[in-house]
Amino acid sequence: MARYLVPRASDFVEVARPGPPLPLDEADTLPTWLAFATKPQHAGDFGLCQATVVTVPVNRREDDLDTLETRLVFKVVGDTGPDAAPEWTDAYERRLQSQCEWAGPVLGTWHDHFAGERFFDAEISPSHHVRYATQALQIAIREARHDPGSVSCGAFGSDCENPAHDVAQLEMARLERLSMAPCGDRVGWQCVKAEFFAGWVVRLEAYVPEMHSAVGVVDVEKVSITQVISLH
């Protein structure tokens, strides 16, 4: 099937389907979609990898077929701020590309919702602005390790005892979903929401006065964390 999605079938190196890893004749129902992922490559920004995922509807009535869904997914493999390297050089690009090629798997599995690592989805447009959200998150994690007062509780209630510790122990490799949008009337401020495996959700506001390659995140405020446990 993959050969019909792009000119070269070799562009796709992973495939996943919903449900537990059972043979189709043992599954309760047939899968209704398949996902194909390309080989990861660098995203053109410091410390950031990307891959393309194509989701294909299968085993549905002809009048119930959706169109193919194509999206970019990302993974952080290093510092994504402008201080990650003195400059973007051919040597840095080769090193980052090598890291990205080994950064998989791109697609998640049935078992990895609480423990695994995969590339994350980003509700951020344009896609090259993902680096501002990841940099803000990295800043928040670093500050939480040194300043316990830099993080507040989200919707924990009485279970919130040490929110800075909870943020400090987060790993960028376990980021599952990321979104960013302007913070209302706060000019230059972006509201970021980051969802990690095991239900951790971090919210923060990042000051990015100008969104171009020479400017990074200047400040991070209003960092909070909560945990949402979902049953699967």
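We're numbering straight along the sequence, starting at 1. Source: prediction; values computed, not measured.
- Using a 4.5 Å heavy-atom cutoff, the side chains of Val218 and Pro209 are in contact.
- Judged by distance alone, the side chain of Gln138 and the main-chain N or O of Thr80 form a donor-acceptor pair under 3.5 Å.
- Linking ILVMFWY residues whenever their side-chain heavy atoms come closer than 4.5 Å, directly or via other members, leaves Val77 and Tyr132 in distinct clusters.
- Judged by distance alone, with hydrogens and angles left aside, the side-chain atoms of Thr70 form no donor-acceptor pair with the main-chain N or O of Val54 at under 3.5 Å.
- Looking at heavy atoms from C-beta onward, Trp200 lies out of side-chain contact with Val228 at the 4.5 angstrom threshold.
- Judged purely by atom type and a 3.5 angstrom limit, Thr38 has no side-chain atom pairing as donor or acceptor with the backbone of Ala51.
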Should Glu176 and Arg118 be marked as a salt bridge (Lys or Arg N to Asp or Glu O under 4.0 Å) after you check the CA-CA gap, both sets of side-chain angles, and the distance that decides it? CA-CA 7 Å; Glu176 187 172 15; Arg118 64 172 182 260; 3.0 Å; yes
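- With Ser98 contributing its side chain and Arg95 its backbone, the two residues share no donor-acceptor pair below 3.5 Å.
- The side chain to side chain contact (heavy atoms under 4.5 Å, CB included) test with Thr134 singles out one residue from Val76, Ile139, Val217, and that residue is Val76.
- Here Cys100 contributes atom SG and Gln41 contributes atom CD; the two are 8.5 Å apart, rounded to the nearest 0.5 Å.
- Checking side-chain atoms of Gln169 against main-chain N and O of Asp166 turns up a donor-acceptor pair under 3.5 Å.
- Two residues are said to be in side-chain contact when any heavy atoms from C-beta on lie closer than 4.5 Å; Val192 and Ser179 fail this criterion.
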Apply side chain to side chain contact (heavy atoms under 4.5 Å, CB included) to Leu137 and Leu175, showing your working. CA-CA 10 Å; Leu137 196 53; Leu175 183 60; 4.1 Å; yes
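- Counting only heavy atoms from C-beta outward, the side chains of Glu14 and Val53 never approach each other to under 4.5 Å.
- A salt bridge links Glu221 with Arg186; the closest basic N to acidic carboxylate O contact falls under 4.0 Å.
- Looking only at side-chain heavy atoms (C-beta outward), Val56 and Phe36 come within less than 4.5 Å of each other.
- Note that CG of Leu96 is 5.5 Å distant from SG of Cys49, once rounded to the nearest 0.5 Å.
- If you check the side chains of Glu101 and Gln97, you find a donor sitting under 3.5 Å from an acceptor.
- Looking at heavy atoms from C-beta onward, Ile141 lies out of side-chain contact with Glu171 at the 4.5 angstrom threshold.
- Distance CG/Asp79 to CZ/Phe46: 9.5 Å, rounded to 0.5 Å.
- Taking OH of Tyr207 as the reference point, atom CD of Gln190 lies at 11.5 Å (rounded to 0.5 Å).
- Listed here is the closest heavy atom pair of Pro105 and Phe119: O-CD1, 3.7 Å.
- For the pair Glu93 (side chain) and Trp88 (backbone), a donor-acceptor distance under 3.5 Å is absent.
- Of the possible polar contacts, none joining the Lys75 side chain to the Ala173 backbone as a donor-acceptor pair under 3.5 Å is found.
- The CG atom of Leu170 sits 10.0 Å away from the NE2 atom of His165 when rounded to the nearest 0.5 Å.
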Please test Phe74 against Leu48 for side chain to side chain contact (heavy atoms under 4.5 Å, CB included), starting from the C-alpha separation and ending with a verdict. CA-CA 7 Å; Phe74 302 87; Leu48 199 60; 4.3 Å; yes
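- Taking a cutoff of 4.0 Å between a charged side-chain nitrogen and a carboxylate oxygen, Glu69 and Arg71 qualify as a salt bridge.
- A distance of 11.0 Å separates CG in Leu72 from CZ in Phe120, rounded to the nearest 0.5 Å.
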Test log, rule side chain to side chain contact (heavy atoms under 4.5 Å, CB included), inputs Thr226 and Arg203: CA-CA 9 Å; Thr226 189; Arg203 290 178 172 82; 4.3 Å; yes
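- Side-chain atoms of Glu205 do not come within 3.5 Å of backbone N or O of Lys222 as any donor-acceptor pair.
- Counting all heavy atoms, side chain and backbone alike, Val151 lies closest to Pro163 at O-CG, 3.6 Å.
- Between His128 and Asp45 there is a side-chain heavy-atom pair separated by less than 4.5 Å.
- Residues Ser150 and Val223 approach most closely at O-CB, 3.6 Å, considering heavy atoms.
- A pairwise comparison of heavy atoms in Ala85 and Tyr92 identifies CB-CD1, 4.0 Å as the closest pair.
- A salt bridge does not link Glu123 with Lys193: none of the charged nitrogens is closer than 4.0 Å to a carboxylate oxygen.
- Across Asp147 and Ala164, no two heavy atoms sit closer than the pair O-CB, 4.3 Å.
- Nearest heavy-atom pair, Ala144 versus Ala168, reported as atom, atom and distance to 0.1 Å: CB-N, 4.0 Å.
- Trp189 places none of its side-chain heavy atoms less than 4.5 Å from the side chain of Pro182.
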